[in-house]
Amino acid sequence: EAGVAQSPRYKIIEKRQSVAFWCNPISGHATLYWYQQILGQGPKLLIQFQNNGVVDDSQLPKDRFSAERLKGVDSTLKIQPAKLEDSAVYLCASSSLAGGYNEQFFGPGTRLTVL
Amino acid sequence: DAKTTQPTSMDCAEGRAANLPCNHSTISGNEYVYWYRQIHSQGPQYIIHGLKNNETNEMASLIITEDRKSSTLILPHATLRDTAVYYCIVRLNTGGFKTIFGAGTRLFVKA
């Protein structure tokens, strides 16, 4: 089966600019996650969707970050305006509850550099 | 904050078993232990999970202590391709479960 797709793979912007990342989860996966991974740290959950509803966005900086999941499939994460500390890899993951456990499948990530 | 404690880094000789420890002393009765790994420049990859029994799959074995306060991930014959950061996570299997990654253990497999 096809994996989680993300684009772009790399993005360089200047601070105060806007940027958007796209994620296409594995077909049929109801749950979609966006993580932020700063260099040297583990991934940090930003937002979790169940179908097209938000389950957890407690760690999403809502003054500048927004995310949506259209029709419960693809998702977009936006940063507006970007700050230097937003430089990180943004990982998208998806999962289903088939089999009674939760294995998350991760995409390759988008590496964002804010100058 | 992550509910687990892992060593920052470990070395292992190629072909030998790699034993990666994890402490999770505050684990609750319905939380599972999950292990993921992240190879450089890739997203994390699921390895194995368990509740209280030892588990084995084609990638690794998971040994959970009887009191469930710690566990060990075993890679029976480590190869250079196993060099990665290994994350131990405790979480529920249902509901609005949150996956909290710590800093993980950086495993270096040496020839």
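Below, read A as the first sequence line, B as the second, and so on, with proteins coming before strands; counting in each chain starts at 1.
- Residues passing the salt bridge (Lys or Arg N to Asp or Glu O under 4.0 Å) test with A:R9, sequence neighbours excluded: none.
- Atom CZ of B:R68 is surrounded by more than 12 heavy atoms from other residues, nucleotides or ligands within 6.0 Å.
- Residues A:P43 and B:Y87 have side chains in contact (heavy-atom distance under 4.5 Å, counting atoms from C-beta outward).
- In the displayed structure, B:R16 atom CZ is contacted under 6.0 Å by at most 12 heavy atoms of other residues, nucleotides or ligands.
- Taking NE2 of B:H49 as the start and CD of A:E103 as the end, the distance is 9.0 Å to the nearest 0.5 Å.
- Proximity of B:Q42 to A:L91: side-chain heavy atoms (C-beta onward) are nowhere separated by under 4.5 Å.
- With a threshold of 4.5 angstrom between heavy atoms, A:Q6 does not approach chain B through any atom at all.
- In this structure, A:K11 places its NZ atom where only 12 or fewer heavy-atom neighbours from other residues, nucleotides or ligands lie under 6.0 Å away.
- Applying the side chain to side chain donor-acceptor pair (under 3.5 Å) rule to B:S28 yields the partners B:N30, B:E31; only residues at least two apart in sequence or on another chain are considered.
- At least one side-chain heavy atom of A:Y35 sits less than 4.5 Å from a side-chain heavy atom of B:T99.
- By the 4.5 Å heavy-atom criterion applied to side chains, A:F106 and B:Y36 are counted as neighbours.
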